[in-house]
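Presented below is the structure to which this report refers.
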Amino acid sequence: MELKESIFKGVNISEAEEVKAEGEGENADDGCPNCRDTNGIRDYQRNIVICEKCGRVLREKIKDRGPEWRAFDQKQREERSRGGSPMTYTIHDKGLSTKIDWKNRDGRGNNLSPERRSLMYRLRKWQRRIRISDATERNLAFALSEMDRMSSQLGLPKNVREIAALIYRGAVKKELIRGRSIEGVASAALYAGCRETQMPRTLEEIAEVSRVDKREIGRSYRFITRELEIHLPPIDPANYVSRFGSELEISGEVRRKAIEIIKKAHEGKLTSGRGPTGIAAAAIYVASLECGERRTQREVAEVARVTEVTVRNRYKEFVEELSLDVSV
DNA sequence: AAGACGAAAGTGGTTGA
DNA sequence: TCAACAACTTTCGTCTT
């Protein structure tokens, strides 16, 4: 009984922390109090969850709550635990192959007999040959480490890396790398991973951390998406709003309005074919005017990495087509 | 003086024959 | 593979606040 109580005590402590972290009695899940039935978008860079509609911060300091199961004794723990090395696509053998130590010692640390030693030598040799058997395996290992480097420079979450790795594997399987640079295809796969997960990253940003230029990445991207028959929608401009918004230090109100404008523009068919960053920039600009938190076209254009002219053009279209009132 | 606006010419990429 | 095309950029002059 005492034992049971102490376990429950432990559980209660962790739950108390959780409630505290949620903030002042806000909703526990990712629903927004303003816009009903919306999902929160996780912004892993700033470690927050924001509402996809209005940009309001729903939850801060996203944390790992640990396993979703509870165990009350050792036996249950063993049964329920699904631990062990996780399988991952970001290591060329998916992290599942056996590793053989290079020391000539046995489990107790004793030296091995000459026969055992030569056996281990042969095993290691085969292990090497199996793991990194040929050029394709070596290239795969290189590409994956390259993608890992780029995504950590861009601060991309793990799921993007996994998807990028998966796409790259698909490209290898279909022999699409031949005659193309590994780095180009790796960068393209990473970009595709961002598109797939709606991570607001532009081709330019990928190119900045890549060793190959934008054109090469773009070519590889088009090629592999065509050959693998993956159709990725362009990134929703609304996803850029929170990024640009925080760089411009605008309020949640402006962000909410900007997202609203983008939605209207989308309905008015003003978004297709246009660059999502330009649309996001113009929407933020209009929203900042309407809310009296004026930002210049220059400032907005700069964070969105487009020119003032583009902001103006989008802005003009918005005003004409959506009959927005910006005379305030 | 700074910002907004618009015209004109140039660039890189897409599309369809 | 080539030309037509739309989106976007660069540059620069004018207007507004």
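The figures here come from the full heavy-atom set of this structure, side chains too, leaving out hydrogens, waters and symmetry mates. Proteins get letters first, then strands, A, B, ... in listed order; numbering begins at 1 in each.
Nucleotide dC5(B) holds its C1' atom 10 Å from the CD atom of E308(A), rounded to whole Å. Rounded to an integer number of Å, the gap from Y221(A) OH to dG12(B) P is 22 Å. If you measure from atom CG of N313(A) to atom C1' of dA4(B), you get 13 Å, rounded to the nearest angstrom. We find that CD1 of I279(A) is positioned 8 Å from P of dC8(C), with the value rounded to whole Å.
Each of L248(A), V254(A), T296(A) was compared with S288(A) under the side-chain contact (heavy atoms from CB on, under 4.5 Å) criterion, and only V254(A) meets it.
Under the 4.0 Å criterion applied to side-chain N and carboxylate O atoms, E317(A) and R274(A) are assigned as salt-bridge partners.
Side-chain N/O atoms of R312(A) include none lying less than 4.0 angstrom from OP1 or OP2 on dC5(B). Within the structure, a side-chain polar atom (N or O) of R314(A) is placed less than 4.0 Å from OP1 or OP2 of dC8(C).
Of the candidates dC5(B), dC8(C), dT10(C), the closest approach to any side-chain atom of Y315(A) belongs to dC5(B). Across dA4(B), dG13(B), dG6(B), the shortest atom-to-atom separation from the side chain of R215(A) is found for dG13(B). Candidate nucleotides dC5(B), dG3(B), dG13(B) were compared by shortest atom distance to the side chain of R222(A), and dG13(B) ranks first. Residue T296(A) has its side chain nearest to dG3(B) when only dC5(B), dG3(B), dT10(C) are considered. Listed candidates were dG12(B), dT11(C), dA4(B). Nearest to the side chain of V309(A) is dT11(C). Listed nucleotides dG6(B), dT10(C), dA4(B) differ in distance to R294(A); the shortest reach to its side chain belongs to dA4(B).
Base pairing analysis places dA6(C) opposite nothing; no Watson-Crick or G-U wobble pair with both distances below 3.5 Å involves it.
Looking at which nucleotide of DNA chain B each of R298(A) and G218(A) is closest to, the 5′-most match is held by R298(A).
A donor-acceptor pair under 3.5 Å is absent between the side-chain atoms of R161(A) and the main chain of L144(A), judged by distance alone.
Stacking of R295(A) on the aromatic ring of Y285(A) is not recorded, the 6.0 Å distance cut-off and the 45° axial limit not both being met.
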